[in-house]
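First up is the structure itself, then whatever we jot down about it.
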Amino acid sequence: MGARSVGAGRNGRPVRPAKGERLADWADGRLGLYPMAKTNLRKVFPDHWSFMLGEVCLYSFIVLILTGVYLTLFFEPSGIEVVYNGSYEPLNGVIMTRAYESTLDISFDVRGGLLIRQIHHWAALVFVAGMLVHMMRVFFTGAFRKPREVNWVFGWTLLFLGIITGLTGYSLPDDLLSGTGVRFAQGAILSVPVVGTYLSFFLFGGEFPGHDIIPRFFPIHVLLLPGIMLGLVVAHLILVFYHKHTQYPGAGRDQKSVVGMPFMPVYMAKAGGFFFLVFGVLSMMGAIATVNPVWAFGPYRPDLVTTGAQPDWYLGFSEGLIRVMPGWEINAFGHTLALGVFIPFSLFPLIMLAIGVYPFIESWITRDTREHHILDRPRNAPTRTGLGVAWLSLYGVLLIGGGNDIVATHLHLSINSITWFVRISFFAVPVLAFVVTRRICMGLQRRDRDKVLHGRESGLIKRLPHGEFVEVHEPLTQAQRFALTQHDQATPYEVGPLVDANGVTRRVGPSRKLRARLARAMYGPDTQIPKPTAEEYRELTSEDHHH
């Protein structure tokens, strides 16, 4: 871009550009910002309330960074034992680590320290919850399909790292509750065959609890994991810009055009306001809702366990697996293999891995190489929707297992009964949820077909000349009919005849047979109601079937 010409004032004298214009010209001449800004700042984004779930994640992450920087200035990640003599008198004279003492100092002596601590903790909970709900929205609507598979992997990695970051963060204060959680994690690590003891000694610097775990968790929590997550967030947003945002079906929306508002200034103004709204809600939660009151638990001691110790909700899944697993063990060659811990400890990452690779599995089944920018309605993909609901139901069941002692005491139930309920439900509930969800989706498809052909029920009753009473149906608008019928109905992959026309047997590999079976299960005749055709619609409307 060339130099900007100097204009003339009322008196004919040349007028120099303002400082802001000169700064913009200087930056554009060296960085080429103008073409990039012209291309991206007017980029159109669709508007829907569910798209704000991703923004909740982003803004919670920003709040986490801001509050975490403040807390880092006062926290001392040291396992050195000291005698407390501070503002919280009930713990005066108690031996504790310097990490726990500094946490108490932040809570009671640092101006605004307790508020920042609680905002940080609430932001972490909202961040992980927002990521989970956001990914479920992406999953149910099929937004992970080409070209967004890599972005799904980025989001999945952020969720996984967020869980690990939460574990390391809530372990830093070294209170009795977090120490119990670290002890739980150390027991799971010990269950790894052959190398479990070596991994534990390497992580803790010797026998549990050691003196190295807090100094090691600290750089992992405040530097390594946040740095990786920040890079993934930036890459995630760049891909959202590059691929353009997905949108729900509607009039004027197709795979090539986006209906919405420009990024600048409309979307940017709304996003800025929403950031302060999220920040305000988190601040209000931190101010009025106590979370993680470490002074009530006391310092960690290996010989004590807090009553009703519960992990944060996003770790209840893994703890529920271990709590309800039978205590199986195998003793061989002088070694004990604790299957009751190792099997559920392995299931958690395997289930998470299945979520991460699902887009590639579905792409392999369907062999669909097209780009998808229009979202699916969950009812039109009943198998995928059923799998998502089955996973959520499994999570809910195992969350009950992770808090079986609390459920037992509050509902006055037997903890053994709850454990057996969770064990049976682990296998039965996801299957039942899958079947029921698919049936509901099929019913909704039938309703959409009937609505397109016969119109919307108006609630008005009309009596015909021969005495029959009928309900008046109002025809849908063209835009409404398009939204209900724009989706594709894929034909499942088939292996074809195993014997050709010449009587020669075709060799079909097991992978192709498996793909054909999975394709029938996902897109077979039992999973979709045929869309009404234009001929059917014209035939019904021409005979005045809408009354």
**Prompt:** Among Thr383, Val389, Leu392, whose side-chain contact (heavy atoms from CB on, under 4.5 Å) with Thr437 holds?
**Reply:** Val389
**Message:** For a 4.5 angstrom cut-off between non-hydrogen side-chain atoms, does Trp122 reach Val291?
**Reply:** yes
**Prompt:** How far does CZ of Arg384 sit from CZ of Phe140, to the nearest 0.5 angstrom?
**Reply:** 10.0 Å
**Message:** Are Phe144 and Tyr358, when compared by the centres of their aromatic rings, separated by less than 6.0 Å?
**Reply:** yes
**Message:** Tell me whether the rings of Tyr395 and Phe317 are parallel (<30°), tilted (30 to 60°) or perpendicular (>60°).
**Reply:** parallel
**Prompt:** If only atom types and distance count, is the side chain of His410 paired as donor or acceptor with the main-chain N or O of Ile406 below 3.5 Å?
**Reply:** yes
**Complete:** In terms of heavy-atom contacts, Pro226 and His221 come closest through CG-O, 2.9 Å
**Asked** Centroid-to-centroid, Phe241 to Phe45, below 6.0 Å?
**Response** yes
**Request:** Side-chain contact test, heavy atoms from C-beta onward, threshold under 4.5 Å: evaluate it for Gln118 versus Thr290 and give yes or no.
**Result:** yes
**Request:** Only counting residues at least two apart or in another chain, list the ones meeting side-chain hydrogen bond (donor to acceptor under 3.5 Å, both in side chains) with Thr72.
**Result:** none
**Prompt:** Which is it for Val128 and Leu159 under the side chain to side chain contact (heavy atoms under 4.5 Å, CB included) test, yes or no, and what are the steps along the way?
**Reply:** CA-CA 7 Å; Val128 179; Leu159 177 62; 4.1 Å; yes
**Prompt:** To the nearest 0.5 Å, how far apart are CZ in Arg117 and CZ in Phe75?
**Reply:** 10.0 Å
**Tyr248-Thr141 side chain donor-acceptor pair, cut-off 3.5 Å** = no
**Prompt:** More than 12 heavy atoms of other residues, nucleotides or ligands under 6.0 Å from CD1 of Ile95: is that the case?
**Reply:** no
**Request:** Answer yes or no: is there a donor N or O on one side and an acceptor on the other, between the side chain of Trp328 and the main chain of Val341, under 3.5 Å?
**Result:** no
**Request:** Measure centre to centre between the rings of Tyr300 and Tyr100, then say whether the value is under 6.0 Å.
**Result:** no
**Message:** Please determine whether a side-chain nitrogen of the Lys or Arg among Asp47 and Lys270 lies less than 4.0 Å from a carboxylate oxygen of the Asp or Glu.
**Reply:** yes
**Message:** In the structure I gave you, are the side-chain heavy atoms of Asn151 and Val240 within less than 4.5 Å of one another anywhere?
**Reply:** yes
**Message:** Run Ile400 and Ile418 through side chain to side chain contact (heavy atoms under 4.5 Å, CB included) and show every step you take.
**Reply:** CA-CA 8 Å; Ile400 296 174; Ile418 296 173; 4.2 Å; yes
**Message:** Per the side chain to side chain donor-acceptor pair (under 3.5 Å) rule, what does the pair list look like for residues 195-207, sequence neighbours excluded?
**Reply:** Gln186-Ser200
**Prompt:** Do any N or O atoms from the side chain of Asn92 and from the backbone of Gly86 form a donor-acceptor pair under 3.5 angstrom?
**Reply:** yes
**Message:** Heavy-atom count check: over 12 atoms from other residues, nucleotides or ligands less than 6.0 Å from Leu224 CG?
**Reply:** yes
**Request:** Would you give the length of the straight line joining atom CD of Glu329 to atom CG of Leu337, rounded to the nearest 0.5 angstrom?
**Result:** 9.0 Å
**Request:** Check for a donor-acceptor pair, side chain of Thr385 on one end and backbone N or O of Ala381 on the other, with a separation under 3.5 Å.
**Result:** yes
**Request:** Tell me yes or no: between the side chains of His373 and Arg148, is some donor less than 3.5 Å from an acceptor?
**Result:** yes
**Asked** Taking side chain as C-beta onward, heavy atoms only, is Val422 less than 4.5 Å from Asn404?
**Response** no
**Complete:** Of all heavy-atom pairs linking Val182 and Phe217, the shortest is CG2-CE1, 4.4 Å
**Contacts of type salt bridge (charged side-chain N to carboxylate O under 4.0 Å, His left out), residue Lys146, not counting sequence neighbours** = none
**Request:** Would you please name every residue forming a salt bridge (charged side-chain N to carboxylate O under 4.0 Å, His left out) with Arg145, sequence neighbours left out?
**Result:** Asp376
**Prompt:** Taking C-beta and beyond as the side chain, do Ile106 and Leu71 meet within less than 4.5 Å on heavy atoms?
**Reply:** yes
**Request:** Classify the ring geometry between Phe275 and Phe279 as parallel (under 30°), tilted (30 to 60°) or perpendicular (over 60°).
**Result:** perpendicular
**Item:** Least distance between heavy atoms, Gly130 atom then Cys57 atom
**Value:** C-SG, 3.0 Å
**Prompt:** Can you tell me if Tyr84 uses its side chain to pair, donor with acceptor, with the backbone of Ser87 under 3.5 Å?
**Reply:** yes
**Complete:** Shortest non-hydrogen pair, Leu53 vs Arg137, comes out as CD1-CB, 4.3 Å
**Message:** Can you tell me how far apart CG (Leu321) and CG (Leu347) are? Round to the nearest 0.5 Å.
**Reply:** 6.0 Å
**Request:** Evaluate the ring planes of Phe139 and Trp152, with Trp represented by its six-membered ring, and classify them as parallel (under 30°), tilted (30 to 60°) or perpendicular (over 60°).
**Result:** tilted
**Message:** So does Gly260 get a backbone contact from the side chain of Tyr267, meaning a donor-acceptor N/O pair under 3.5 Å?
**Reply:** no
**Request:** List the steps and the verdict of side chain to side chain contact (heavy atoms under 4.5 Å, CB included) for Val56 and Phe274.
**Result:** CA-CA 8 Å; Val56 171; Phe274 191 53; 3.7 Å; yes
**Prompt:** Has the side chain of Thr246 got a donor or acceptor atom that lies under 3.5 Å from a matching backbone atom of Leu375?
**Reply:** no
**Request:** For salt bridge (Lys or Arg N to Asp or Glu O under 4.0 Å), just list the numbers for Arg301 and Asp175, CA-CA rounded to whole Å, side-chain angles, deciding distance to a tenth of an Å, and then say yes or no.
**Result:** CA-CA 9 Å; Arg301 284 177 48 183; Asp175 60 289; over 6 Å; no
**Request:** Considering non-hydrogen atoms only, spot the tightest contact between Ala338 and Ser191 and give its length.
**Result:** O-CB, 4.1 Å
**Request:** With rounding to the nearest 0.5 Å, note down the distance linking CG in Leu167 to CD1 in Ile164.
**Result:** 8.0 Å
**Message:** With a 4.5 Å cut-off on side-chain heavy atoms, are Met131 and His134 touching?
**Reply:** no
**Ring center gap for Tyr70 and Phe74 short of 6.0 angstrom** = yes
**Prompt:** Between Leu282 and Ser60, is a side chain to side chain contact (heavy atoms under 4.5 Å, CB included) present by the stated rule, with each step listed?
**Reply:** CA-CA 8 Å; Leu282 290 175; Ser60 300; 4.3 Å; yes
**Message:** Has Arg323 got a side-chain atom pairing as donor or acceptor with Gly402's backbone, closer than 3.5 angstrom?
**Reply:** yes
**Fill in**
In this structure, OG1 of Thr157 is separated from CZ of Phe154 (nearest 0.5 Å) by 7.5 Å
**Request:** Please state whether the rings of Trp295 and Phe108 are parallel, tilted or perpendicular, taking 30° and 60° as the class boundaries.
**Result:** perpendicular
**Message:** Could you work out, with side-chain contact (heavy atoms from CB on, under 4.5 Å) as the rule, every residue matching Val233, not counting sequence neighbours?
**Reply:** Leu58, Phe61, Leu158, Leu237
**Message:** Listing request: all salt bridge (charged side-chain N to carboxylate O under 4.0 Å, His left out) pairs with a residue in residues 214-240, at least two apart in sequence or in separate chains.
**Reply:** Asp212-Arg216
**Prompt:** Can you check whether Val429 reaches Leu394 side chain to side chain, under 4.5 Å on heavy atoms?
**Reply:** no
**Complete:** For Phe127 and Gly162 the tightest heavy-atom approach is CE2-CA, 4.5 Å
**Asked** Would you say the side-chain atoms of Ser417 pair up with the backbone N or O of Leu413, donor to acceptor, closer than 3.5 Å?
**Response** no
**Request:** Could you tell me whether the side chain of Val357 reaches within less than 4.5 Å of the side chain of Glu362, counting heavy atoms only?
**Result:** no
